[in-house]
Protein chains: 2
Amino acid sequence: MLSTFEVLSLPARRKIVERLRHGPKSVGELADELGISQPIMSKHLRTLRDSGFVTVRVDAQRRWYELRPEPLKEMAEWLEPYRWMWEDRLDLLGERLDTMRDEEENR
Amino acid sequence: MLSTFEVLSLPARRKIVERLRHGPKSVGELADELGISQPIMSKHLRTLRDSGFVTVRVDAQRRWYELRPEPLKEMAEWLEPYRWMWEDRLDLLGERLDTMRDEEENR
DNA sequence: GGAGTATATACCGTCAAGAGTATGTACGCG
DNA sequence: CGCGTACATACTCTTGACGGTATATACTCC
C-alpha cells in the first residue's frame, strides 16, 4: 500500500481529491469529469481507499466515494513546522515567538 | 524533473528535508546522520535542488545545502482548502465563514 | 431470466525511479 | 606535486507503479 505522500504524488489522484472537495461522487462521474477510463478510475479510487483518503458508500450498482480528512491533516501537520519560513513574522497575534527566535538563530 | 509532491513521496527525501529544518548541512553530515551512502545522498540532494527544495553554497570541497520555502509553501497552499475538514468550526476569530457554509451545503 | 448499467479486478507490457558500485572532479595541505 | 577529503556523476540492474484491455460481479428493470 502506498504511503500518504506517495498517493498524492500522482497528478491524476490529486485531481480526484480536488473533485471530491465538495461532496461525494460516483466512479462514473469522476471518470467522465476527468477524462479517465472507468477501470483506471476504479484503480485510483482503490488506492485512495486503501490509504485512507476516501470511504465508499454502496448504493445499488453505484458507489459513492467521499473524502476523509485524516491523511490530508497528516500532511498538513508534517508541513506545519516549516510554516515560519514563508509566513509574515509580524503576525497579529504574536504567536510562534519561539519559532521566530529559531529562525534568527538559523539564518 | 520530479514535481513537488513526487519529491516528498520518498521517505528518505522527507527525512533530508527534516534534517535541514534547523539550518544548512553538508552532504557528508546528512549521509552520516541518515545512514545513506554518499553517492545516493548526492543524488537525492540533486533531485531536491532541481525541484527547488534546496539551494547549495559552495565552500572549498564542501557543499552546504539549505532549505527553500517555496515548494513547501506550495504544498501547504494546496492543502489549505481542505483544512475545514478537520479544524474546529467554531474558531475564535470567526474567519472562514464561507468555508463553513460550504461545509453545511455539502454534508 | 435476460438485457443493460455500474463498478471491480485480473492480466499484461512498459518505463522510469531508485539502489549499488565505480569512477571522475575539485580543493586543501604537507 | 602527490595524497587525502568531499562531492558529483556515469553506469547497470531491478522492481513496481501505471495504463490499457478484457473480463467478472452485482444490481435493476422489464
Side-chain angles (χ1 to χ4, degrees), chain A residues 1-20 23-68 71 74-75 78, chain B residues 1-20 22-68 71 74-75:
Chain A
M1 188 182 61
L2 299 184
S3 78
T4 302
F5 280 86
E6 282 174 302
V7 170
L8 289 195
S9 70
L10 204 72
R13 264 171 336 227
R14 251 172 288 148
K15 286 181 188 147
I16 295 172
V17 169
E18 287 168 6
R19 294 280 172 164
L20 291 177
K25 295 202 171 179
S26 70
V27 180
E29 276 182 281
L30 288 167
D32 288 349
E33 292 180 10
L34 297 178
I36 294 178
S37 78
Q38 176 269 312
I40 293 185
M41 180 57 70
S42 282
K43 277 198 272 189
H44 284 315
L45 289 168
R46 173 78 193 185
T47 303
L48 286 165
R49 193 178 152 209
D50 287 342
S51 52
F53 277 88
V54 297
T55 51
V56 206
R57 189 170 54 83
V58 178
D59 168 34
Q61 312 99 317
R62 235 169 222 127
R63 316 282 158 109
W64 295 97
Y65 282 86
E66 181 169 16
L67 259 189
R68 288 183 66 246
E74 187 186 313
M75 295 182 70
W78 188 89
Chain B
M1 190 182 60
L2 298 185
S3 77
T4 302
F5 280 86
E6 282 174 299
V7 170
L8 289 195
S9 71
L10 204 72
R13 268 179 322 235
R14 249 173 289 148
K15 285 180 189 148
I16 295 172
V17 169
E18 287 168 6
R19 294 281 174 162
L20 291 177
H22 299 302
K25 294 202 170 179
S26 70
V27 180
E29 276 182 281
L30 289 167
D32 288 347
E33 292 181 9
L34 298 178
I36 295 177
S37 77
Q38 175 268 312
I40 294 184
M41 180 57 71
S42 282
K43 278 200 272 189
H44 284 315
L45 289 169
R46 173 77 194 186
T47 302
L48 287 165
R49 193 179 153 207
D50 287 342
S51 51
F53 277 88
V54 297
T55 49
V56 207
R57 190 170 55 83
V58 179
D59 168 34
Q61 312 100 316
R62 234 165 225 130
R63 317 282 158 109
W64 295 97
Y65 282 86
E66 181 168 16
L67 259 189
R68 288 183 67 246
E74 187 186 313
M75 295 183 70

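Protein chains get the first letters and strands the later ones, always in sequence-line order, with residue 1 at the start of each.
- When each of B:Asp50, B:Leu48, B:Thr47 is paired with B:Leu2, the side-chain contact (heavy atoms from CB on, under 4.5 Å) condition holds for B:Thr47 and for no other.
- A donor-acceptor distance shorter than 3.5 angstrom exists from the side chain of A:Arg14 to the backbone of A:Ser9, with no hydrogens or angles considered.
- Atom NZ of A:Lys15 is separated from atom C1' of D:dC18 by 15 Å (rounded to the nearest Å).
- Between B:Gln38 and A:Val7, the residue anchored closer to the 5' end of DNA chain D is B:Gln38, taking for each the nucleotide with the nearest heavy atom.
- Contact check for B:Phe5 versus B:Glu74: no side-chain heavy atoms found under the 4.5 Å cut-off.
- Across all strands, A:Leu45 comes closer than 4.0 Å to no nucleic acid atom at all (heavy-atom distances).
- In this structure the side chain of A:Ile16 never reaches within 4.5 angstrom of the side chain of A:Tyr65, judged on heavy atoms.
- Between the CZ atom of B:Arg49 and the C1' atom of D:dC7 there is a distance of 12 Å, rounded to whole Å.
- Remark: the backbone N or O of A:Val56 is not paired with any side-chain donor or acceptor of A:Arg63 at under 3.5 angstrom.
- When DNA chain C is scanned in the 5' to 3' direction for atoms under 4.0 Å from non-hydrogen atoms of chain B, the outermost contacting nucleotides are C:dG18 to C:dG28.
- Side-chain contact between A:Met41 and A:Leu45 is present, with heavy atoms from C-beta onward closer than 4.5 Å.
- One atom, CE of B:Met41, and another, P of D:dA8, lie 11 Å apart when rounded to the nearest Å.
- Taking the nucleotide of DNA chain D with the nearest heavy atom to each of A:Lys43 and B:Tyr65, the more 5' of the two is matched to B:Tyr65.
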Atom pairs under 3.5 Å, N or O on each side, protein against nucleotides 4-6 of chain D: can you list them with distances?
unit_1, atom_1, unit_2, atom_2, d
D:dA6, OP1, B:Arg62, NH2, 3.1

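- Within the 4.5 Å cutoff, side-chain heavy atoms of B:Gln38 are placed close to those of B:Ser42.
- Using a 4.5 Å heavy-atom cutoff, the side chains of A:Arg57 and A:Glu66 are not in contact.
- D:dG16 atom C1' lies 16 Å from atom CE of A:Met1, rounded to whole Å.
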